[in-house]
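Notes follow once the structure below has been shown.
Below, each value reflects all heavy atoms present in this structure, side chains not excepted, and no hydrogens, waters or symmetry copies.
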Amino acid sequence: MDPAPATELTLVEVEGLMPGASNATLLARDHLGRPWVYKPARGEQPLWDFPPGTLGRREIASYRLSVALGLEVVPPTLVAEGPYGSGSAQRFLQEDFDWDPRSLIVGADPVLWPVVILDLLANNADRKIGHLLREPGEEQVWAIDNGLTFHTDDKLRTVMWSFAGETIPPEFVDRLDPEQAANAVADLLERTEIEALRTRVGAVRENPVHPPPPVHRPPMPWPVW
């Protein structure tokens with residue numbers, strides 16, 4: 001892996017733990033008082049299939065990929081230094097708790113295509129229902145918790161299989177540039193992971209159809225929420 005990317009954000013205060021997270025996930029503020037979801041690398045739980053201390057990089061890479069390909073579906077996520085060391089920081093969202101994404105998921109609503117495409121390209125191993133958020137009074141759907149991504153093996157586990165067999169809209173396909181995608185994450189991932197991303201982007205561009213769920217491994221994350 002290339003040297004660690006330069007710090008983009010400094011967090012000066014931690015207010016407390018965010019509920020329901022399996023890794024250390026903290027509400028923190030920068031020197032302007034803006035809130036961020038801070039995930040220090042030292043607070044990651046070890047996993048058998050992802051290298052330790054890399055989930056924050058994958059969160060940041062998901063954001064950069066979303067921006068590079070015009071999907072714009074991940075809240076700003078930056079390299080951060082904070083009271084508990086280096087990690088990632090994502091813009092804190094005020095969640096609309098009255099909004100339920102399940103009808104959009106079941107109905108394969110086109111508004112979700114940016115999330116679906118991001119997950120295909122990033123090889124997301126953990127897209128749950130609760131990872132889709134909207135802010136009160138807003139229509140933008142955001143995709144959070146993007147740490148289990150960019151594995152070289154086929155890992156796609158998602159609640160979005162209602163899109164299986166659907167053709168990806170041309171306005172998204174036209175933006176899929178393998179080199180642009182690779183360059184966006186070049187300082188965050190292993191070279192083999194970058195090559196795998198480049199291959200996935202090229203494959204989706206050549207055959208812009210959402211694949212069927214796998215039969216040789218679990219297709220859904222658990223729990224699904």
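- Seen from the ring of Trp142, Arg91 counts as a face-on cation partner, given the 6.0 Å and 45° thresholds.
- Among all heavy-atom pairs drawn from Leu121 and Leu176, the shortest one is CD1-CD2, 3.8 Å.
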Check: Under the side-chain contact (heavy atoms from CB on, under 4.5 Å) criterion, do Val79 and Leu9 qualify, and how do the steps go?
Finding: CA-CA 6 Å; Val79 180; Leu9 179 71; over 6 Å; no
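- Among residues two or more places apart in sequence or in another chain, the side chain to side chain donor-acceptor pair (under 3.5 Å) test is passed with Asp30 by Arg34, Trp36.
- The distance from the CG atom of Leu118 to the CG atom of Asn146 is 6.0 Å, given to the nearest 0.5 Å.
- Using a distance-only test at 3.5 Å, with no hydrogens or angles considered, no donor-acceptor pair links the side chain of Asn124 to the main chain of Thr149.
- No side-chain heavy atom of Asp96 sits less than 4.5 Å from a side-chain heavy atom of Glu135.
- The pair Arg205-Glu179 fails the salt-bridge criterion, with no side-chain N (NZ, NE, NH1 or NH2) lying under 4.0 Å from an Asp/Glu carboxylate O.
- By the 4.5 Å heavy-atom criterion applied to side chains, Pro52 and Pro46 are not counted as neighbours.
- The two atoms that bring Leu65 and Ala181 nearest to each other are CD1-CB, 3.6 Å, heavy atoms only.
- Using a 30° and 60° split on the angle between ring planes, Trp161 and His210 fall in the perpendicular class, above 60°.
- Across every non-hydrogen atom of Ala89 and Ala80, the tightest pair is CB-CB, 3.6 Å.
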Checklist line | Test log, rule side-chain contact (heavy atoms from CB on, under 4.5 Å), inputs Gln45 and Asn23 | finding: CA-CA 6 Å; Gln45 297 293 324; Asn23 296 300; 3.4 Å; yes
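- Not one N or O on the side chain of Thr152 forms a donor-acceptor pair closer than 3.5 Å with the backbone of Ala196.
- A distance of 9.0 Å separates NE2 in His131 from CG in Leu133, rounded to the nearest 0.5 Å.
- Around atom CZ of Phe50, more than 12 heavy atoms belonging to other residues, nucleotides or ligands sit under 6.0 Å away.
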Margin query: Show, in sequence, the C-alpha distance, side-chain angles and deciding distance for Leu188 and Thr54, and conclude whether the side-chain contact (heavy atoms from CB on, under 4.5 Å) test is met.
Written below: CA-CA 9 Å; Leu188 294 165; Thr54 67; over 6 Å; no
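- Shortest non-hydrogen contact noted between Trp225 and Ile129 is CZ3-CG2, 2.9 Å.
- Of the charged side-chain nitrogens involved, none lies within less than 4.0 Å of a carboxylate oxygen, so that Arg127 and Asp145 do not count as a salt-bridged pair.
- A donor-acceptor pair under 3.5 Å is absent between the side-chain atoms of Asp109 and the main chain of Leu112, judged by distance alone.
- Side chains of Leu26 and Met18 form no contact here, defined as non-hydrogen atoms less than 4.5 Å apart.
- Counting non-hydrogen atoms of neighbouring residues, nucleotides and ligands closer than 6.0 angstrom, the CD atom of Glu171 exceeds 12 such neighbours.
- Judged by distance alone, the side chain of Gln94 and the main-chain N or O of Arg134 form no donor-acceptor pair under 3.5 Å.
- Proximity of a side-chain donor or acceptor of Ser66 to a complementary backbone N or O of Glu72 within less than 3.5 Å is detected.
- Rounded to the nearest 0.5 Å, atoms CZ (Phe163) and CH2 (Trp113) are 6.0 Å apart.
- Counting non-hydrogen atoms of other residues, nucleotides and ligands closer than 6.0 Å to CZ of Arg217 gives a total above 12.
- A 4.5 Å side-chain heavy-atom check between Pro214 and Leu156 finds every atom pair outside the cut-off.
- Closest approach of Gln90 and Thr77 over heavy atoms only: NE2-OG1, 3.0 Å.
- Side chain of Gln180 to backbone of Ala68: a donor-acceptor contact under 3.5 angstrom is found.
- Placement of Val111 and Leu93 in two distinct hydrophobic clusters is found when ILVMFWY residues are connected by side-chain heavy-atom separations under 4.5 Å, directly or transitively.
- Residue Gln140 places its CD atom among more than 12 non-hydrogen atoms of other residues, nucleotides or ligands, all under 6.0 Å distant.
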Next item on the list: Give the intermediate values and the outcome of side-chain contact (heavy atoms from CB on, under 4.5 Å) for residues Arg64 and Val67.
Entry: CA-CA 5 Å; Arg64 291 192 190 172; Val67 172; 5.8 Å; no
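- Glu59 places no side-chain N or O within donor-acceptor distance of the main-chain N or O of Ser88, the cut-off being under 3.5 Å.
- Between the side chain of Arg57 and the backbone N or O of Gly147 there is no donor-acceptor pair closer than 3.5 Å.
- Taken together through direct or relayed side-chain contacts under 4.5 Å among Ile, Leu, Val, Met, Phe, Trp and Tyr, Leu132 and Leu120 form part of one hydrophobic cluster.
- Met160 and Val141 end up in the same hydrophobic cluster when Ile, Leu, Val, Met, Phe, Trp and Tyr side chains are linked at under 4.5 Å.
- Not a single donor-acceptor pair under 3.5 Å links the side chain of Arg157 to the backbone N or O of Pro221.
- With contacts defined as side-chain heavy-atom distances shorter than 4.5 Å, the pair Val106/Ser162 does not qualify.
- Under the 4.5 Å side-chain heavy-atom criterion for Ile, Leu, Val, Met, Phe, Trp and Tyr, Leu11 and Ile144 are members of distinct hydrophobic clusters.
- Residues Lys128 and Trp222 come closest through the heavy atom pair NZ-O, 4.0 Å.
- At a cut-off of 3.5 Å, with distance as the only test, no side-chain donor of Arg58 or Ser62 sits close to an acceptor on the other residue.
- Once rounded to the nearest 0.5 Å, the distance linking CD of Glu139 with CH2 of Trp99 reads 9.5 Å.
- Under a hydrophobic-cluster definition in which Ile, Leu, Val, Met, Phe, Trp and Tyr are linked whenever side-chain heavy atoms come within less than 4.5 Å, directly or via other members, Val209 and Ile117 are assigned to different clusters.
- A donor-acceptor contact shorter than 3.5 Å is absent between the side chain of Glu8 and the backbone of Leu78.
- Here the CG-OH distance, from Leu17 to Tyr38, works out to 12.0 Å after rounding to the nearest 0.5 Å.
- Shown here are the salt bridge (Lys or Arg N to Asp or Glu O under 4.0 Å) partners of Asp49, two or more places apart in sequence or in another chain: Lys155.
- Atom CD1 of Ile194 sits about 10.0 Å away from atom CZ of Phe150, to the nearest 0.5 Å.
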